[in-house]
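What's counted below: heavy atoms across the whole structure, side chains too, no hydrogens, waters or symmetry copies.
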Amino acid sequence: MARAAGVGVETVRYYQRRGLLPRPERPQHAYRRYDEDVLSRLRFIRRAQELGFTLREIAELLSLDVHDCARSHEIAERRLEDIRAKVRDLRAVANRLSRMLTECRAGHHEACPIITAIGQVDPPFDTKPGASRR
């Protein structure tokens, strides 16, 4: 099953420990048997992770009825806002790093501006790191 879903065996076991996948019976001296529903569930988990959902959110989505669009919409809306916040944070970090590199390329410094800026408690940048973090 792990191979069919493109994940490692330890990933399957981890999902079982987290309650995302059922633990099948293991016949004595035989391989565990999984049905198609478990494979579909595993693929759902992987696709949801690719979309940025946390395992907690995935567990909640899995618990919903397929007709519960309102609740799944709330979960997806919240995830999208978190992703947008991370994108804003990453842009701020990219801008800061870009400024450091520009200053470094300008040359003629007694000390490396990159190392100096990283070592400062309050970096002299226009952005506020973590402003959109929760």
Indicate yes or no for a side-chain donor-acceptor contact from Ser98 to the backbone of Ala94 under 3.5 Å, with no hydrogens or angles considered.
no

Nearest heavy atoms of Leu20 and Arg41, plus distance in Å:
O-NE, 2.5 Å

With rounding to the nearest 0.5 angstrom, report the NE2 to CD1 distance, His109 to Ile114.
9.5 Å

Give the minimum heavy-atom separation between Thr116 and Ala111, together with the two atoms involved.
OG1-CB, 3.7 Å

From Asp35 CG over to Met1 CE, what is the distance, rounded to the nearest 0.5 angstrom?
9.5 Å

Check: Arg71 main-chain N/O paired with His73 side-chain donor or acceptor under 3.5 Å:
no

Cluster question for you: counting only ILVMFWY and a side-chain heavy-atom cut-off of under 4.5 Å, with indirect links fine, are Leu97 and Val87 together?
no

For the backbone of Glu60 and the side chain of Ser63, can you confirm whether one donor and one acceptor N or O come within less than 3.5 Å of each other?
yes

Check ion pair Arg47-Glu50 (N to O, under 4.0 angstrom):
no

In terms of heavy-atom contacts, Cys104 and Pro113 come closest through CA-CG, 3.5 Å

Would you call Glu81 and Arg78 a salt bridge, taking side-chain N to carboxylate O under 4.0 Å as the test?
no

Do Arg13 and Gln16 get their side chains close enough for a donor-acceptor pair, meaning under 3.5 Å?
no

Taking all heavy atoms of Ile83 and all of Leu51, pick out the closest pair and write down the distance.
CD1-O, 3.6 Å

Salt bridge check, Asp89 against Lys86: does any charged N sit closer than 4.0 Å to a carboxylate O?
no

Nearest heavy-atom pair of Arg18 and Leu55: which atoms, and what distance?
NH1-CD1, 3.6 Å

Considering all heavy atoms of both residues, which atom of Arg79 and which atom of Gly52 are nearest to each other, and what is their separation?
CD-O, 2.8 Å

Separation between CD of Glu74 and CD of Glu57, rounded to the nearest 0.5 Å
12.0 Å

Check the pair Leu39 / Tyr34 against side chain to side chain contact (heavy atoms under 4.5 Å, CB included), numbers first and verdict last.
CA-CA 7 Å; Leu39 181 57; Tyr34 296 91; over 6 Å; no

Would Ile75 end up clustered with Leu80 when hydrophobic side chains under 4.5 Å apart are linked, directly or stepwise?
no

Measure the OH-CD1 distance between Tyr15 and Ile58 for me, rounded to the nearest 0.5 Å.
6.5 Å

Can Ile45 and Leu21 be said to form a side chain to side chain contact (heavy atoms under 4.5 Å, CB included), step by step?
CA-CA 9 Å; Ile45 294 166; Leu21 293 175; 4.0 Å; yes

Give, for atom CD of Glu77 and atom CG of Asp82, the distance between the pair rounded to the nearest 0.5 Å.
11.0 Å

Roughly how far apart are Leu42 CG and Thr11 OG1, rounded to 0.5 Å?
8.5 Å

